[in-house]
Visitor: 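Quick one: the structure is below, questions incoming.
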Amino acid sequence: MDLPLHEDLSPGAGALPPRARHAESDAPSLSLNGTWRFRLSPTADPEDGEDDTFARDGYDHTAWDEVTVPGHWVLQGHGAPQYTNTLYPFPVDPPRVPDANPTGDHLRTFDLPAGWPVSGGATLRFDGVESFARVWLNGTELGSFKGSRLAHEFAVGELLRPEGNVLAVRVHQWSSGSYLEDQDQWWLPGIFRDVTLLHRPEDALGDHFVHATYDHRTGAGTLRVDADTPGRVTVAELGIDIATGESVTVPVRPWTAETPRLYDAVLTTPGERVPLRVGFRTVALEDGLIKVNGRPLLFRGVNRHEFHPETGRALDAATMRADILLMKRHNINAVRTSHYPPHPAFLDLCDELGLWVVDECDLETHGFHAFDWRANPVDDDRWTPALLDRAARTVERDKNHASVIMWSLGNECGTGRGLTAMAEWIRARDGSRLIHYEGDRSCADTDVYSRMYADHAEVESIGEREDGGPERRARLPFILCEYAHAMGNGPGGLSEYQRLFETYERLQGGFVWEWIDHGLAHPAHEYAYGGDFGEEVHDGNFVCDGLLLPDRTPSPGLVEYKKVIEPVRVGGDGREGTVRITNLYDFTDLSHLAFTWSYEVDGVSVAEGGLTVPPLGPGERTEVKLPPAPTRGRDAETQWTVRAVLAEDTPWAARGHVVAWAQLPVECGVIQPVPGGTPPVRDGRRITLGPAAFDSRGTLLSFGGLQVRDLRLDVWRAPTDNDNGMPWRPEPSVAARWRAIGLDRVHHRVDAVDLGDDALTVRTRVAPAASDLGLRVTYRWTSNGIKLRLAVSVAPEGDWRAPLPRLGIRFGLPGAAGRVRWFGGGPGEAYPDTRAASMLGLWESDADAMQTPYVRPQENGARPGIRWAEIDGLRVDTDHEPWLTVRRWTTEQLDAAAHRPDLVAGDTVWVNLDSGQHGIGTESCGPGVLPQHQLHARVTDFAYTFSLTGR
Ligand code: GAL
């Protein structure tokens, strides 16, 4: 059977061979972005005549709709997006796709600008169309192509006319190419990257390959530019003027992600002048390590999908720049372009601002995993030309970027001959970079052993070189191309990974999954995820797993990551007054940083100054002396905060930007004990104890003038995505175990209310229905007549096997405004395994600002290490550094919500003060909570002292 073009296995026909992307030259060009005429058909063959009827001259398209190009029609009111992780959203019968194949006909008419040269040719360039396009210009078919995130060019010179050119593009959502593009993201058809017409003068530049290496022993750079059209290369700053194909060696400053030194060059052919930006650097696999310019790298990376909540994968320049600035400001030094080559402008920015790039080919066949990889295209020779086309289009377009140091064959395709063919082709074409692919544990085709989501213990054994494996693999460096799944609250356990990366030479770091939540702006849900568009199969909110919230607000996970990967480690002993500084950069010394100290008393800075730190080289460490402590604490808690800040403005952050910091405790605070002495008094159905009133069952009703609701033990939290675990795992998640026990529906039984001489003691048992597990909880209330102290003792009964979500008290403050001040960890959210970035200080916020607006509501917003807190008029002092959470809804409401707008503030502010919280982990895709961060039921005592502020 002859298959239609979009279903056959070919990558397309008629396009020019791929070539390197270059900056705008002196040849004119015309952007064809903007408003296009648009018609959507439900199938691949719209019923209005022949295939090309709509593309013919004179066709009347005035009744059509309009869409913006670049863009996805499903985000412009035509059809709907669909989200699946690994599932193909159509029957798997490669290369066939369903009849229901949304097809967007696009039309654009244009005139050539005045002055467009008469001589020479022209090229029409598409930077990205999902997933198959057929193209006509002025009624003549130019060809067709697949490979959604790859560039395709057509020669069109002969066909152009000065006015009234008609460009017609038919785009099918589904094609054989869809089988190669099963990445975990929204399916978003359309012409989603730029369309450009380029004038090609006689003897214009064709393809060109910049070879710019750096010899770290001599400090010399060698430059050679190969070009299809011979010409000359000049680098004025280096006094270079050579012919293409000729090489020259001169002293240069090398390019690294830390020092992104680029030299402006010009490549001139008889027909064209093209500006180049050249970075000299040498990538090598040496001593079993990835080295650049002779030094091993440590990746502090992220996986970046292209995403914008309104425009999907159509990103503007400002968004791309914003991404890189945010990365640089958060100490990130590397990007894996998961899972396709990005918009070319992104790589220009990586060159300019400095990021190591693993450039990944647009290839994933993950859905075949469900059938044990049967019929996997990467292991079927008939597909190999399509795979090689994708490899070539990736490498050829991006080969001149200094930032790109590794080619990645694709993601999650299993194994097969097609991948080997790609690797061989790439090696032959570009031996100057390394090859990455994670899916083949033999590492037969790769230069690095790469894995995703391996747990800490396994990573450690790989670091120790105790993991065995094939001989080739044993000699390779190791990276985690994905780890620390940033879905919802989390990721937990970053510090422990980083310690391993910094300990073992073989471990060269990793790339957090992933950069941004793919929540799509939605009128009712705020941000939509899988299932919100009525998809037949979908993977829910698994698409929201980024370090940025959809609107690019850094999540607490990104703030934590910044701290964990800081390139300068500050430590020391506050009592001794010594600070230890370690330079963890791979290339630079510390001369671009200034160091400051501040001395804080109960969280308030009382003195500040600068610290002189020698410009340590990479890997070096020193100890410097702090000045004498400016004051004594006198029962206050005192500490030094030392910061490393940018000494001057950089292209990515201003002078003063904090790169690294640490706090060095000096003296602990002393908590004044609250004497008891006030006896509880029964008065009818009320009990009073100093300023507090209780009901007859010992429940606190009010304190001073403040109403208090439902103060009692709380063990439940609205499960996080990580608590909910991986749906595909057979073992129940921790949240499933919690629900099975009934921790979301415990009963509180009062066994005794004792009025002693100086204490009200309430004995209770807290337990879920249908279970013999329980917690004996005793509340002991005392007062000195002004303050009120609650001591809670918890003793578990039964065979508790699951950890507890939390352990503490919860109460409501009806009518409270929700203003919060606290001395403790802040300013942002933290949990036991996500608290590296939490600073001890005096903080102020309110119940609204203390929520982290995760796309799917879940436990969030805890502040750790509370010494004291004021919630409106109520002050709480503690000596066990609990966790504070304040919100305008209950945990049960949070648990029931599917989207943010489901959460409606009530008139009560709910406060949790937890003596313990279970950690977060990354079990939504990866290891769970490490043992040291788990919370288990055991005998626990904790106490709070309440007073009224201002009294
Ligand atoms: C990986 C995959 C990513 C993403 C991630 C989970 O297996 O490579 O694309 O799906 O898991 O979010």
Side-chain angles (χ1 to χ4, degrees), residues 82-89 148-149 178 180-188 301-307 313 335-342 358-370 373 376 378 408-415 419 436-441 446 448 450-455 458 479-493 510-519 529-530 537-548 550 555 557 720-722 724-729 733 854-856 920-928:
Q82 286 169 264
Y83 166 59
T84 59
N85 170 8
T86 67
L87 303 172
Y88 286 104
S148 298
R149 300 100 197 179
S178 306
L180 305 181
E181 296 172 8
D182 191 26
Q183 293 97 343
D184 174 5
Q185 58 179 346
W186 295 99
W187 297 92
L188 297 175
V302 282
N303 282 278
R304 175 180 178 272
H305 265 295
E306 298 195 305
F307 186 74
R313 284 189 282 280
V335 181
R336 173 173 175 238
T337 69
S338 54
H339 299 300
Y340 40 80
V358 178
D359 192 351
E360 192 148 272
C361 186
D362 189 3
L363 177 62
E364 173 158 346
T365 63
H366 205 165
F368 288 89
H369 178 245
W373 299 106
N376 184 3
V378 308
S408 178
L409 303 180
N411 185 56
E412 302 199 299
C413 296
T415 57
L419 293 167
H436 170 270
Y437 175 63
E438 182 271 350
D440 179 2
R441 296 215 184 158
T446 65
V448 50
S450 173
R451 290 280 302 281
M452 43 176 80
Y453 309 109
D455 64 24
E458 186 182 6
I479 63 167
L480 280 167
C481 69
E482 295 179 27
Y483 80 116
H485 198 246
M487 185 177 181
N489 186 334
F511 297 76
V512 164
W513 186 266
E514 65 176 305
W515 178 236
I516 183 168
D517 286 344
H518 309 210
Y529 48 78
V537 290
H538 67 81
D539 288 288
N541 70 317
F542 202 64
V543 77
C544 295
D545 52 2
L547 293 172
L548 297 182
S555 77
T720 64
D721 293 320
N722 286 311
N724 284 331
M726 292 166 269
W728 58 87
R729 278 274 174 88
S733 67
Y854 293 117
V855 173
R856 188 192 71 82
I920 297 295
T922 58
E923 208 159 14
S924 57
C925 189

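Counting starts at 1 for both ligands and their atoms, following the listed order.
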Visitor: Atoms of ligand 1 less than 4.0 Å from Asp545 heavy atoms?
Guide: 12 (O)

Visitor: Does either side chain, that of Glu360 or that of Ser408, offer a donor lying less than 3.5 Å from an acceptor on the other one?
Guide: yes

Visitor: Please identify which of these residues, Asn722, Asn541, Asp545, meets the side chain to side chain donor-acceptor pair (under 3.5 Å) condition with Ser924.
Guide: Asn722

Visitor: Taking Ser555 for the side chain and Leu547 for the main chain, is one N or O donor matched with an acceptor at less than 3.5 Å?
Guide: yes

Visitor: Between His305 and ligand 1, does any nitrogen or oxygen pair lie at a separation below 3.5 Å?
Guide: no

Visitor: Looking just at side-chain N and O atoms, do Asp182 and Thr365 make a donor-acceptor pair shorter than 3.5 Å?
Guide: no

Visitor: Asn85 heavy atoms, cut-off 4.0 Å: which ligand 1 atoms fall inside?
Guide: 10 (O)

Visitor: Does a side chain donor of either Gln183 or Tyr340 reach within less than 3.5 Å of an acceptor in the other side chain?
Guide: no

Visitor: Which atoms of ligand 1 are found less than 4.0 Å from any heavy atom of Asn411?
Guide: 2 (C), 8 (O), 9 (O)

Visitor: Could you tell me which atoms of ligand 1, counted from 1 in the order shown, lie closer than 4.0 angstrom to a heavy atom of His485?
Guide: 6 (C), 12 (O)

Visitor: So which protein heavy atom does atom 5 (C) of ligand 1 come closest to, and at what separation?
Guide: Tyr453 OH, 3.3 Å

Visitor: With a 4.0 Å cut-off on heavy atoms, is His339 touching ligand 1?
Guide: yes

Visitor: Compute the shortest N/O to N/O distance between Glu412 and ligand 1 and return yes if it is under 3.5 Å, no if not.
Guide: yes

Visitor: For the pair Arg451 and Glu458, find out whether any cationic side-chain nitrogen is under 4.0 Å from an anionic carboxylate oxygen.
Guide: yes

Visitor: Would you call Arg336 and Glu482 a salt bridge, using N to O less than 4.0 angstrom?
Guide: yes

Visitor: Between Ser148 and Glu181, does any side-chain donor sit less than 3.5 Å from a side-chain acceptor?
Guide: yes

Visitor: Using a strict cut-off of 4.0 Å, indicate which atoms of ligand 1 neighbour a heavy atom of Met452.
Guide: 1 (C), 7 (O), 8 (O)

Visitor: Which ligand 1 atoms, with their elements, are less than 4.0 angstrom from a heavy-atom of Phe542?
Guide: 6 (C), 12 (O)

Visitor: Tell me the protein heavy atom at minimum distance from atom 1 (C) of ligand 1, and give that distance in Å.
Guide: Glu482 OE1, 2.9 Å

Visitor: Looking only at distance, does Asp184 have an N or O less than 3.5 Å from an N or O of ligand 1?
Guide: yes

